[in-house]
Protein chains: 4
Amino acid sequence: MAVRAAVAGASGYAGGELLRLLLTHPEVEIGALTGNTNAGQRLGALQPHLLPLADRVLEPTTPEALAGHDVVFLALPHGQSAAVAEQLGDEVLVIDMGADFRLKDAADWEAFYGSPHAGTWPYGLPELPGGRAALEGSKRVAVPGCYPTAVSLALYPAYAAGLAEAEAVVVAASGTSGAGKSPKPHLLGSEVMGSMSPYGVGGGHRHTPEMIQNLSAAAGERVTVSFTPTLAPMPRGILATCSAKAKPGVTAESVRAAYEKAYADEPFVSLLPEGQWPATASVYGSNAVQVQVAHDTAAGRIVVISAIDNLTKGTAGGAVQSMNIALGLDETCGLSTTGVAP
Amino acid sequence: MAVRAAVAGASGYAGGELLRLLLTHPEVEIGALTGNTNAGQRLGALQPHLLPLADRVLEPTTPEALAGHDVVFLALPHGQSAAVAEQLGDEVLVIDMGADFRLKDAADWEAFYGSPHAGTWPYGLPELPGGRAALEGSKRVAVPGCYPTAVSLALYPAYAAGLAEAEAVVVAASGTSGAGKSPKPHLLGSEVMGSMSPYGVGGGHRHTPEMIQNLSAAAGERVTVSFTPTLAPMPRGILATCSAKAKPGVTAESVRAAYEKAYADEPFVSLLPEGQWPATASVYGSNAVQVQVAHDTAAGRIVVISAIDNLTKGTAGGAVQSMNIALGLDETCGLSTTGVAP
Amino acid sequence: MAVRAAVAGASGYAGGELLRLLLTHPEVEIGALTGNTNAGQRLGALQPHLLPLADRVLEPTTPEALAGHDVVFLALPHGQSAAVAEQLGDEVLVIDMGADFRLKDAADWEAFYGSPHAGTWPYGLPELPGGRAALEGSKRVAVPGCYPTAVSLALYPAYAAGLAEAEAVVVAASGTSGAGKSPKPHLLGSEVMGSMSPYGVGGGHRHTPEMIQNLSAAAGERVTVSFTPTLAPMPRGILATCSAKAKPGVTAESVRAAYEKAYADEPFVSLLPEGQWPATASVYGSNAVQVQVAHDTAAGRIVVISAIDNLTKGTAGGAVQSMNIALGLDETCGLSTTGVAP
Amino acid sequence: MAVRAAVAGASGYAGGELLRLLLTHPEVEIGALTGNTNAGQRLGALQPHLLPLADRVLEPTTPEALAGHDVVFLALPHGQSAAVAEQLGDEVLVIDMGADFRLKDAADWEAFYGSPHAGTWPYGLPELPGGRAALEGSKRVAVPGCYPTAVSLALYPAYAAGLAEAEAVVVAASGTSGAGKSPKPHLLGSEVMGSMSPYGVGGGHRHTPEMIQNLSAAAGERVTVSFTPTLAPMPRGILATCSAKAKPGVTAESVRAAYEKAYADEPFVSLLPEGQWPATASVYGSNAVQVQVAHDTAAGRIVVISAIDNLTKGTAGGAVQSMNIALGLDETCGLSTTGVAP
């Protein structure tokens, strides 16, 4: 019997990517699709690439529309998920693709989001230590942010293995879909094509405390993260360049061994063969994470690069992976490590 | 029992896209992968987006390597397919993704390709009149060129319905993957990003006689095609802008009716709702063809736009679709009309 | 003594490009810069590439702000230029970069723009027959549209020489800056990167009657134009593919001779050597027009390709060129045929 | 009397950009243009954007061809500059745009380039302490690498002012022209569009010792640099994200003050107003350097971002700036801080 899934916020990039994945998920039947400003419109006009759903019409996001489903995915603006989830009841699996329930520390939440903390839900990054167990059977999932997904998977093995000092430096490049579908001048094609630019420099990006939370948990001590996100002239993809000082005695071999061990059995994370480096094009549209490590002996640092598709593993694919675990399905069901390239 | 498929020419863009599709085809098991200059290399180094096949090693393209398969796909340079096909025997389904067996007229072949004509195989564009019947049970398929796929599907209904004069004008923009993976200065990223440029102007492009062949068959008279291909700054996709003078008495309604009729039951061709226009991004990675028509009364022309992914419907997806028909499988098996966007 | 120039509409793409050119114009001193919604802002925040003007502040567009200049450039929304020009008086050179005064036929204007016709000013395309004479000493100039610039220069020599039938077919690809700086969803980088899409198909684009006006004047008879604009994934540039049936007796030589004659002495139009084709990258940021011709004997058509930078020759460079002529300066003053590539 | 300049290596990206700049340099007359594999070809076929030089023909790179000039620019492969320079004599200004004479430490040279050290020439980065004095009247100039230009100008003020610990972390994104015009598979448009990828990770990039040399000189102590370059889907531009731990007592104000002081009188370096961040699009085709600083108090780091055009300030513009100083011309002659955008 199919899992019946509703998507609240089906007209945005996260919602569209989720629907793309659910369309080929063998266990899922796509139920209600809702929106706010776009309610009443054909999906074909909003998501013209989703031809099999072109004639579906968006409903307003109401408890009635979302009722009667086994899973409800929320792709809503910050601060709206708690109220919707409450109305859905405890028996429905609710997967929040927004930020509301990611942070454990209420002070962090308030400092970075400027609103009261809604709480904390099980965190949808199964590759982290204890990550799968937290999701099994859960009725609530907080899908990680796209940057924290790329960065946590790049660095946690180094911290879990005690190889890295507790001060990480991360510079990540993201495709423009990470900034959403709401039209703003600096996101115009004319502005972004041919340009690299940073934003949220100096510690201000909202994903920073989420990275710190994950890496600190792995390290068993407070890890600081100097995080600089940049906007790259491409629609999708995150390339995260992450580094930290190596602890005494660390070698290239010990670094590689830690990552081999961490990812030996992970279906979606590939530690690439030595000499091959991640590229966002290679994970385009896939749920794969490509990782590669280096030990810079002159600078005394461990350097780890990861590449993900921000909309797939970074958002919608991560959401489906967590859904699979929560429902007891095969974790890889409906997901792929095959990218669309060139 | 799975269909066992070999791919000769697995390191190029056509071969890579074919493998991407075969990886999710429920009836196919991927057998031998061969190459020439790249024989001996890991596929992971050549096609880093095909992570599930990363550890496969390319064999040289020999009869021995290709033996023992139900289907052999050929993605070889022009002129090499005949010899390979002959060695494979008559019982194996051979699908040629190159040009060797597309043209019926030997003089056309020799004029445009400069070598002796190898013959003609059943043509892998099932949407054309009689197209499916020609493929059912066939052991040989000539996959159409990418431009002829986009242009023939844009214009044949107008010709089949007797709406258009026999002089077509086509300008098409293609992503750079259509030019292949062999490095040439004008295909460098530095050259193509930010640039639109034409090539093969004035009737010289090799796909021209193939378009004429298809449209003339639909029209029942010789159709000329003024074809100008252009290289667009994107990896994939073809947008074909096609027009012809409307015959007397033609109206916007009669044009639309002809296309509605032609494509009412086609699983991969979508005549878009009025007011919505095709975009290559909407068919990225999918086997869909988006079509829209207009009747320009001031200029007296029927204008038809089509968008395809040159590597999917334009090459590898078309090949899989033809394989499905030739083998008696569901025509849509392993293929999708869902694009990867944004 | 320097020519003192004001720019009304300095925050948009046309205004920004004009300022870029005026900054290196040896005879011009940049005076007032005005805007509407952006009045009061630093130019450095609006046009961060114009570092020498970063500390200039936009004034509101009022007669007072624009008074006291020798030249006033108008980069305003449609319909606003007439009122501003009237207030400036007859002694000031007013150069309208908008559409208001381009069309001679009031019915055409009203059909395509839906508002009363403001009149007709001397047309700023000096390369057309009689074009320079119309501009010399003029106090009013209507700068051509970007597409009509590319298309008229591609086709007028064929019509002026009586080589082409009176039915032209044009497909042009434009960079996204042609659509302006006002944020709309379909112009987001996420949407345009990787995508080609048409718009205004079937005769609806507002630049169509302007092309017809120019080509009909050259031909001495009414020329129809089937015009399809497409949006290309690049910030700048127009590649226009233009064709018409060749009249009887036309040869490749007679076509080439007509273009050689037309452009032998033009400082900004280059008929490329045979075998070389225009590319928008080659005219990036320059006032050059690259043109190449072919005679497709099989299809019986003359095919002409032109490439311009839509913001330079297509808008602001054309405006400066016309200013130079109107003021009696060297026509090439402050303009270049050197592009920025790669 | 004009400065007569020859360019050895005129067919590549560095040579082409240099010619673009020299074409508008009021004191320079362009003399011999030489090449190796491209000798005998029209420049119009090799650099189609340089229309004013289209009919110039490349000569072979010989002492005879380069004789009789006041300045000779060398854009040659590594290891060839010393022999050519020797033949030119001591009275000719020789400006090497390659790497041969940048490094002071022969062991560094040999470790990173694998060939004998040719020596050290005055270093063409006048903004560094003592930089101008070293160039005045010099007959030899080593133009800095593109990455070291961006990184040294980002970080040297922090080191010169004693604000930063001696361990820098740099992640930089470069446009593809930095990789040159020689066709390689990974530089194809199909590969780079839509993709971010790293290379030379872990300390292996040849520009690393040059950065260390510059920053160590500013700091007065050995500075290590963890440098990760990435390839971005754009033709031009470098965005460098640089950081180092702040020394005790450092504040946002002291950081900003150091940069204000360092760049108050620099004609090409702009410390942007607070709240505005560099973007490569803003310096496209210009000699400008945009810099912005942040103090991340939570991570305890100074973060500095710089943006340059790798071909202009990063190569050819830097070469012209150094030529101006060496010859006693105005340093800004023929150079601009106006970018081409959008």
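Since the structure is predicted, the reported quantities are computational estimates derived from the model, not experimental observations. All chains are named by letter (A, B, ...) in the order of the sequence lines, taking the proteins before the strands, and each is independently numbered beginning at 1.
K184(B) touches chain D through its backbone: at least one of N, CA, C or O sits under 4.5 Å from a heavy atom, while the side chain does not.
Looking at every heavy atom in both residues, M193(B) comes nearest to M193(D) through CG-CG, 3.6 Å.
Among the candidates G175(D), G189(D), P183(D), the residue making the largest number of heavy-atom pairs closer than 4.5 Å to chain B is P183(D).
The line from CG of L188(B) to NE2 of H186(D) is 10.0 Å long, rounded to the nearest 0.5 Å.
With hydrogens and angles left out, the side-chain atoms of S190(B) and T176(D) include a donor and acceptor closer than 3.5 Å.
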